[in-house]
Amino acid sequence: MTIASTRYDVAIIGGGINGASAAQHLSSAGYRVFLAEKDDFAEGATARSSRLLHCGLRHLANGASPGDLLKHPVRLFQSLKTVREDMAARDELVESIPGRLKPMTFCLPIYKQDIYRPWNMDIAFGLLRLAHPGGVALDYRRFRPNADDMPSLARHLRNGDQLAGMVTFREYIFDWPERIALDALADARRKGAELRNYTKVIRLERENNGWQLTLQDKSRVSASIVLNLSGAWIDEVSASAGSNSVAKCQPISGIHIALKLPIEFEGHGVFAFNRLAEPLYCLPWRDHHYVGLTRRPYSADPTNIAATDDEIDWLLSETNHCFPNLDLKRDDVLYSWAGVNPLTADPAEPLGSREIKIHDHAPDGLPDFFSVTAGPIMTHRRVARRLMERVRNRCEPSRPVSPAIYEAAPLSGDEFIFNAITENPNSLCDLMLRRLGYGWDLDQGRSKALHVAETVAPSLEWSTTRIEQEIDSYAKHVGEARRRPSTSRPDQETIG
């Protein structure tokens with residue numbers, strides 16, 4: 001497909017959750033939008049995250065002592081501001097897309113040697129509620145050690161005799177973020193946005209007070225403003241526009257492993273700390289759980305990233321440290337996945353800053369060119385609205401305003417499959433993993449792959465040979481990108 005010489009108000013590079021949300025909000029505000037994604041929509045960090053909707057607790061219980069926070073009032077003020085924004089985002093998402101979120105009981109064990117005391121949690125959750133009163137309930141409870149009504153999963157925790165207590169609260173899992181991005185893109189498309197996946201922008205040039213984008217098929221698109229929302233590729237895209245500024249993004253890799261845990265964990269997640277004093281999340285997902293994550297600087301191409309045996313062994317070891325009774329081994333890993341988080345580059349933080357930052361590249365010689373770093377899933381609407389304000393300061397909309405529609409109509413069975421073919425799938429992988437979500441089942445969708453392929457085959461003009469090729473390709477993909485560890489294991493207790 002070759003696009004005619006059309007002038008758009010805004011060109012968005014990147015079709016993850018932030019690009020999709022920006023396209024939806026800008027189209028709703030009356031802007032003529034073009035979006036290009038070099039791979040499939042929502043295939044990058046959106047599909048590889050922890051999928052957790054944070055209430056903001058991590059900004060208050062971030063590893064620093066309560067006294068240390070009080071000694072740095074500017075830092076405390078920033079933490080409270082972020083908490084308020086996170087609570088507002090949590091409430092908005094739960095209320096507007098309830099069908100895309102799953103509630104769980106989140107458990108936080110507190111040990112006698114921890115820097116936080118149980119009563120510190122009372123204060124923290126009081127602040128969370130004050131940050132956004134009247135919102136979705138937190139259902140906060142605090143349990144004393146050995147309380148009869150403490151969640152039964154406590155028996156799997158390490159050092160039970162050192163347990164000072166446990167707090168529980170209601171949290172949510174995104175089910176699933178790829179679908180939220182595709183729903184946003186569908187709304188943008190209805191409002192006239194031009195959306196293209198598997199379309200790489202190979203060059204950006206300043207022309208006639210705007211930008212000209214050259215696509216991989218040599219066609220060209222013009223736009224007044226460019227939003228670079230390409231995740232871990234942000235600096236690469238900026239360089240293609242002529243920027244030679246310092247890196248804005250610090251890519252950080254992380255992995256997760258899926259496990260089948262005892263019945264006591266059903267409907268419950270656990271927020272613990274590994275031996276590096278970093279968070280370890282154990283989260284319920286459909287009929288199993290997943291555990292994450294690792295954090296390492298990453299400099300290679302993130303496209304085909306996969307968890308290594310060493311990374312899986314390290315995460316298993318840390319999970320066993322937190323839950324020694326589980327005695328997990330490589331054979332217990334159902335599948336894994338790896339991703340790259342595009343955090344904000346900060347010389348003071350080797351693992352990147354979580355500060356969400358909109359970079360105006362005008363000082364780099366790129367006027368009307370913006371990029372975003374460290375935008376997690378839960379803040380995608382906040383990021384989109386902030387970008388929309390930047391756009392409004394430079395460009396008037398050219399179409400009528402139309403309110404954004406966040407929740408798509410629920411579909412199931414073959415109706416769901418048929419609807420998915422309207423969302424630009426290029427392969428069975430696109431369908432199974434992002435449009436239908438079957439790839440997140442316990443068997444990674446293998447039992448449904450043939451039915452899906454045969455159902456869409458007439459519409460996509462797939463022959464019998466093509467169906468077989470797609471099924472083989474899907475099996476190969478999940479076997480590599482979402483691999484199980486090797487069956488043999490080095491004779492050692494701990495990796496890393």
Report the C-alpha distance between Arg354 and Thr82 in whole Å, list the side-chain angles of each, state the deciding distance to 0.1 Å, and finish with yes or no for side-chain hydrogen bond (donor to acceptor under 3.5 Å, both in side chains). CA-CA 11 Å; Arg354 293 186 179 276; Thr82 304; over 6 Å; no
Would you please test Ser473 and Glu470 for side-chain hydrogen bond (donor to acceptor under 3.5 Å, both in side chains) and show each step? CA-CA 5 Å; Ser473 179; Glu470 290 291 336; 5.3 Å; no
Is there a donor-acceptor contact under 3.5 Å linking the side chains of Thr308 and Asp310? no
Arg32 side chain to Ser27 side chain, donor-acceptor N/O pair below 3.5 angstrom: no
Under 30°, 30 to 60°, or over 60°: which ring-plane class applies to His256 and Trp337, parallel, tilted or perpendicular? parallel
Using a strict cut-off of less than 4.0 Å between a Lys/Arg side-chain nitrogen and an Asp/Glu carboxylate oxygen, indicate whether Arg203 and Glu205 qualify as a salt bridge. yes
Intermediate values then yes/no, side chain to side chain contact (heavy atoms under 4.5 Å, CB included), Met87 and Leu138: CA-CA 10 Å; Met87 286 293 288; Leu138 284 164; 4.1 Å; yes
What do you reckon, is CD of Glu266 surrounded by more than 12 foreign heavy atoms closer than 6.0 Å? no
Lys/Arg N to Asp/Glu carboxylate O, Asp39 vs Lys200, below 4.0 Å: no
Verify, without hydrogens or angle tests, whether Ser238 (side chain) and Ile234 (backbone) share a donor-acceptor contact under 3.5 angstrom. yes
Criterion salt bridge (charged side-chain N to carboxylate O under 4.0 Å, His left out) on Arg295 and Glu318, from CA distance to verdict: CA-CA 13 Å; Arg295 298 183 68 213; Glu318 293 305 311; over 6 Å; no
Report the C-alpha separation of Phe370 and Arg394 in whole Å, then their side-chain angles, then the decisive distance to 0.1 Å, and conclude whether the side chain to side chain contact (heavy atoms under 4.5 Å, CB included) test is met. CA-CA 12 Å; Phe370 302 91; Arg394 291 164 170 78; 3.5 Å; yes
Determine whether the aromatic ring centres of Tyr172 and His54 lie less than 6.0 Å apart. no
Tyr281 ring center within less than 6.0 Å of His289 ring center: no
Polar side-chain atom of Asn197 near backbone of Glu37 as donor-acceptor pair, under 3.5 Å: no
Is the backbone of Arg100 close enough, under 3.5 Å, to the side chain of Arg179 for a donor and an acceptor to pair up by distance? no
Taking the side chain from Tyr31 and the backbone from Cys395, do they hold a donor-acceptor pair closer than 3.5 Å? yes
Any side-chain to backbone donor/acceptor pair from Lys260 onto Asp287? Under 3.5 Å, distance only. yes
May I have the step-by-step check of salt bridge (charged side-chain N to carboxylate O under 4.0 Å, His left out) for Lys448 and Asp441, ending in yes or no? CA-CA 10 Å; Lys448 297 175 181 174; Asp441 290 349; 3.1 Å; yes
Between the CG atom in Leu433 and the CZ atom in Arg435, the distance rounded to the nearest 0.5 Å is 10.0 Å
Between Lys248 and Asp346, is the closest basic N to carboxylate O distance under 4.0 Å? no
Could you walk me through whether His268 and Leu261 satisfy the side chain to side chain contact (heavy atoms under 4.5 Å, CB included) test, starting with their C-alpha distance in whole Å, then the side-chain angles of each, then the deciding distance to 0.1 Å, before giving a yes or no? CA-CA 11 Å; His268 289 71; Leu261 298 183; over 6 Å; no
Any donor-acceptor pair under 3.5 Å linking the side chain of Glu43 with the backbone of Asp40? yes
Atom CG of Asn209: over 12 foreign heavy atoms under 6.0 Å: no
State plainly whether the residues Asp187 and Arg190 are in salt-bridge range, i.e. N to O under 4.0 Å. yes
Short question: side chain of Arg48, backbone of Ala338 - any donor-acceptor pair under 3.5 Å? yes
Any side-chain donor paired with an acceptor under 3.5 Å for Ser371 and His361? yes
Determine, step by step, whether Asp332 and Arg484 satisfy the salt bridge (charged side-chain N to carboxylate O under 4.0 Å, His left out) criterion, reporting the C-alpha distance in whole Å, the side-chain angles of both residues, the deciding distance to 0.1 Å, and the verdict. CA-CA 9 Å; Asp332 295 308; Arg484 300 187 69 183; over 6 Å; no
Residues 450-462, side-chain donor-acceptor partners within the protein, below 3.5 Å, at least two apart:
unit_1	atom_1	unit_2	atom_2	d
His451	NE2	Asp414	OD1	2.8
Thr455	OG1	His451	O	2.6

Thr373 and Thr344 side chains, donor-acceptor separation under 3.5 Å: yes
Could you check Arg7 against Ser222 for side chain to side chain contact (heavy atoms under 4.5 Å, CB included), going step by step and ending with a plain yes or no? CA-CA 5 Å; Arg7 177 80 177 197; Ser222 296; 3.9 Å; yes
Side-chain (Thr294) to main-chain (Ile255) donor-acceptor, under 3.5 angstrom: yes
Assess whether side-chain hydrogen bond (donor to acceptor under 3.5 Å, both in side chains) is satisfied between His132 and Asp91, documenting all intermediate values. CA-CA 9 Å; His132 207 249; Asp91 293 343; 2.5 Å; yes
Cation-pi between Arg51 and Phe174: NZ/CZ under 6.0 Å from ring centre and within 45° of the ring axis? no
Short question: side chain of Ser245, backbone of Asp364 - any donor-acceptor pair under 3.5 Å? no
Please walk me through it: do Arg390 and Asp368 pass salt bridge (charged side-chain N to carboxylate O under 4.0 Å, His left out)? CA-CA 9 Å; Arg390 300 292 185 106; Asp368 300 324; over 6 Å; no
Drop me the distance from Leu108's CG to Glu171's CD, to the nearest 0.5 angstrom. 12.0 Å
Check whether the side chains of Ser224 and Asp9 place a donor and an acceptor atom closer than 3.5 Å, and report yes or no. no
Sequence neighbours left out, what passes ring pair (Phe, Tyr, Trp, His ring centres under 6.0 Å) with Trp211? Give chain and number order. Phe369
Between Glu389 and Arg386 (salt bridge meaning N to carboxylate O under 4.0 Å), is one present in this structure? no
Which atom of Asn426 lies closest to which atom of Asp430, heavy atoms considered: N-OD2, 2.7 Å
So, the side chain of His477 versus the backbone of Ala475: is there a donor-acceptor pair under 3.5 Å, distance only? no
Closest approach of Glu178 and Ala47, non-hydrogen atoms and distance? OE2-CB, 3.6 Å
Can you list the residues that meet the ring pair (Phe, Tyr, Trp, His ring centres under 6.0 Å) rule with Phe125, with sequence neighbours excluded? Tyr140, Phe169
Mutual orientation of the aromatic rings belonging to Tyr406 and His25 [parallel < 30°, tilted 30-60°, perpendicular > 60°]: tilted
Do you know the tightest heavy-atom contact between Asn274 and Pro279? ND2-O, 4.4 Å
Taking atom CZ of Arg170 as the centre, report whether more than 12 heavy atoms of other residues, nucleotides or ligands fall under 6.0 Å from it. yes
Report yes or no: is the cationic atom of Arg434 (NZ for Lys, CZ for Arg) closer than 6.0 Å to the six-membered ring centre of Trp176, at no more than 45° off its axis? no
Looking at Glu480 and Lys476, is there a salt bridge between them, counting it only when a charged N and a carboxylate O are closer than 4.0 Å? yes
Apply the side-chain contact (heavy atoms from CB on, under 4.5 Å) test between Arg196 and each candidate in Val221, Asn424, Leu215; give the one that qualifies. Leu215
